[in-house]
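As structure tokens, the structure follows; a few thoughts come after it.
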Amino acid sequence: MAIDDEQIIENNPPEEEEEEEEGEQYTYSDLDESTTEQVTPPPTKIPRSSSSSSESSENVDQSLMYSVERYRKNKNQETPDVKKIVRREEVRSPERRAMIAVQQQQEQHNPMYDTPRATPQVCPKQKIKALMEEVSAQQSIIHQTTQALNLIHSSSEYKGSMEEVEAERLLLLAAQRRHACLNEIQRLKNPPAKQGVLRTSEGEEIIPCSGSVTIQDIRLPLKTEYVLNQGSNSRNCHYYIVLLRQRENVIATHMLSTIDGLSGDCLPFTNMIAMNNIDSDFVVEVGIFEMYIKRKMDGHGETKSRSNFLNALTPKKLKSMKNTKMPPVSSPGGPGAIRTSAFTLVGTSRLSLASSKVSRFTLSKVPFNSPLEGSIHLKLTCRTKSNVTHRGWLTMFDDISGYGAWHRRWCVLNNGFISYWTFPDQEKIKPPIGSIDLHTSSTEEVAPISRILCARPNTFEVVTCRPASKYDKETLVTKPSDSVTNTMHRMSADTKEERIEWIDNLNTVLLDLRTWNKDPRFN
């Protein structure tokens, strides 16, 4: 409740006010306990502040304040100006906080990742543990498939049927995946050195980013003699399957036979196989596996001669046939498996980043009596996953009627291009004034230019090339030659820190493009 100043402040000397305060004391212990009325003491009168008793008056003002204006005034005076000191490393964006949370979670749980350059590295111990679990799972599949094949071979009803072929295919995949996981475990225990690392003039190392590989349009040519003879002897059937192995990953195409899957003189595999997050020094091993059987004439597998033979058997002969057991056969699956797959390796080849422009690959280890011609056709596509993006002001050099001029531009580095505008607001509403295609750059490393060549500080240079034209003339920024015209792009940053950021990002992009885009300009 607010009280007017006339009721609070009186023209009485301080001594009399003190006497009145002493005389107006109440003792609540003297009141009757059964009294229900609320006794409210009268408000204490506040004396006028004087220079002689400043400390006592300040204490009274702080303890008793009955006006809103006095309360606000004293609150502003009592609140000190606290200077907040915030360190730069503690000011983090939501993306930065999310990345730090992922890193902390990885330190605790060590999950497996196969990610590009900006993400944390994979923990080898945790990956080895996961690979050992995968080996155990494939071992179980091998054991179960072997039992199914033993059951198929114990009965002549399913001999040469599609059930047998499918079981052999599953056994092949499980054995190959188990073998690939064991090889990857040995590689992780003795990791090789990184390849393609760029060492800058300042001593820093830049690692190329990861990418993706797509394999499609796989065709397996057959010999002409075999294709011509296939019509007269349709019972002889060869099943083919293509396996692609990249470290611990084993991917299989669908299975084709020479009776149902022929298209002209080749076997076309319509699968499109994609491998993501792989390094630039990848190697994909291609394996062609073949299985030969004699197909049965009837639908489910019994000819008249075979059925007559089974009907002629006596119960004693049937009992002796049931008691016969298949001899154990060594298997790459381990001691738990007693059978190897009937699919045999009839051709191998290797794919890498250098062979991305090749469509025909020669097969090795092809048997002489195999129906295969000795080659495989496919389409290999490689794409980089470079996600470097940077924005900022740069002052760009240009040639205007033979005179050099510097223009301030808002530049954006994205998808291998440096696009620039006059103002930052124009980035989303207008097309860029111009752009620099880093895919055509011949610069091996972006570095600061010497002050002797350019007096402007914090300047760096990127050189691009294009086919020469007869209309090209030598200027301050272009230098034509016999077959190629080089264009010089000089850019200046505002500060040293911004120059370092631009140079690091440009070197990263150029390394990614030079690694994944096998172009003669980069070699």
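The distance from the OG atom of S364 to the CD1 atom of I288 is 10.5 Å, given to the nearest 0.5 Å. Rounding to the nearest 0.5 Å gives a distance of 13.5 Å between CZ of R219 and OG1 of T270. Rounding to the nearest 0.5 Å places CZ of R169 at 5.5 Å from CD1 of I241. Expressed to the nearest 0.5 Å, how far CD of E168 lies from CG of L172 amounts to 9.0 Å. To the nearest 0.5 Å, the span separating CG on L131 from CD on Q138 amounts to 11.5 Å. Interatomic distance, R383 CZ to N276 CG, rounded to the nearest 0.5 Å: 10.5 Å.
Aromatic pair Y226/H238: ring centres closer than 6.0 Å.
Under the side-chain contact (heavy atoms from CB on, under 4.5 Å) rule, Y420 has a single partner from Q426, M491, R409, which is R409. Partner of Q246 under the side-chain contact (heavy atoms from CB on, under 4.5 Å) criterion, chosen from I278, V213, L351: I278. The side-chain contact (heavy atoms from CB on, under 4.5 Å) with L220 is formed by just one residue from the set L256, L267, T253, L378; it is L267. Partner V509 forms a side-chain contact (heavy atoms from CB on, under 4.5 Å) with one of T384, N414, V388 and no other, that one being V388.
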- Message: As a quick check of understanding, evaluate salt bridge (Lys or Arg N to Asp or Glu O under 4.0 Å) for R247 and D279, giving each step before the final call.
- Response: CA-CA 11 Å; R247 291 187 180 177; D279 297 333; 3.5 Å; yes
- Message: One pair to check against side-chain contact (heavy atoms from CB on, under 4.5 Å): H377 and I218. What are the steps and the verdict?
- Response: CA-CA 6 Å; H377 299 261; I218 303 175; over 6 Å; no
- Run the numbers on V366 and V346 for side-chain contact (heavy atoms from CB on, under 4.5 Å), then give the verdict. CA-CA 5 Å; V366 180; V346 294; 5.6 Å; no
- Passes ring pair (Phe, Tyr, Trp, His ring centres under 6.0 Å), H439 versus F417? Steps please. CA-CA 8 Å; H439 296 80; F417 289 86; 5.4 Å; yes
- Apply side-chain contact (heavy atoms from CB on, under 4.5 Å) to I376 and V286, showing your working. CA-CA 10 Å; I376 184 173; V286 182; 4.2 Å; yes
- Task: Please report the C-alpha distance between T478 and T487 in whole Å, then the side-chain angles of each, then the deciding distance to 0.1 Å, and finally whether the side-chain hydrogen bond (donor to acceptor under 3.5 Å, both in side chains) criterion is met.
- Result: CA-CA 4 Å; T478 59; T487 304; over 6 Å; no
- Message: Evaluate H179 against R245 for side-chain contact (heavy atoms from CB on, under 4.5 Å), listing each step before the verdict.
- Response: CA-CA 11 Å; H179 185 65; R245 186 174 71 178; 3.4 Å; yes
- Take H489 and T464 through the test side-chain hydrogen bond (donor to acceptor under 3.5 Å, both in side chains) and record every step on the way to the result. CA-CA 8 Å; H489 305 275; T464 58; 3.1 Å; yes
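Residues passing the salt bridge (charged side-chain N to carboxylate O under 4.0 Å, His left out) test with E290: none are found, sequence neighbours excluded. Here S136 pairs with nothing under the side chain to side chain contact (heavy atoms under 4.5 Å, CB included) rule; sequence neighbours left out. For D494, the salt bridge (charged side-chain N to carboxylate O under 4.0 Å, His left out) test picks out R408, with sequence neighbours left out.
Residue Q176 comes nearest to F289 through the heavy atom pair NE2-CZ, 3.8 Å, listed as atom of the first residue, atom of the second, then distance. A pairwise comparison of heavy atoms in S341 and L171 identifies N-CD2, 3.6 Å as the closest pair. Considering all non-hydrogen atoms of both residues, C266 and P221 come closest at CB-CA, 3.8 Å. The shortest heavy-atom contact between L380 and S355 is CD2-O, 3.8 Å. Residue G264 comes nearest to V227 through the heavy atom pair O-CG1, 3.9 Å, listed as atom of the first residue, atom of the second, then distance. Between G261 and P268, the shortest heavy-atom contact is O-CD, 3.4 Å.
Here K479 does not pair with D472 in a salt bridge; the nearest charged N to carboxylate O distance is not below 4.0 Å. A salt bridge does not link E134 to R178: none of the charged side-chain nitrogens sits closer than 4.0 Å to a carboxylate oxygen. A salt bridge links E285 with R350: the distance from a Lys NZ or Arg NE/NH1/NH2 to an Asp or Glu carboxylate oxygen falls below 4.0 Å.
A donor-acceptor pair shorter than 3.5 Å can be found between the side chains of Q147 and H143. Defined by atom type and a distance below 3.5 Å, a donor-acceptor pair is present between the side-chain atoms of E427 and W410.
Using a 4.5 Å cut-off on side-chain heavy atoms (C-beta onward), L222 and L262 make contact. In this structure the side chain of V484 reaches within 4.5 angstrom of the side chain of N486, judged on heavy atoms. Between T145 and I141, the closest side-chain pair of non-hydrogen atoms falls below 4.5 Å. Residues L394 and F460 meet the side-chain proximity criterion, which asks for heavy atoms closer than 4.5 Å. Side chains of W421 and P431 form no contact here, defined as non-hydrogen atoms less than 4.5 Å apart. The shortest side-chain heavy-atom distance between M162 and Y239 falls under the 4.5 Å cut-off. Looking at I215 and I251, their side chains never come closer than 4.5 Å, going by heavy atoms from C-beta outward. Looking at Y292 and C237, their side chains never come closer than 4.5 Å, going by heavy atoms from C-beta outward.
At least one cation-pi condition fails for K379 and F361: the charged atom is not both under 6.0 angstrom from the six-membered ring centre and inside a 45 degree cone around its axis.
Between F269 and H254, the two ring planes are tilted [angle within 30° to 60°].
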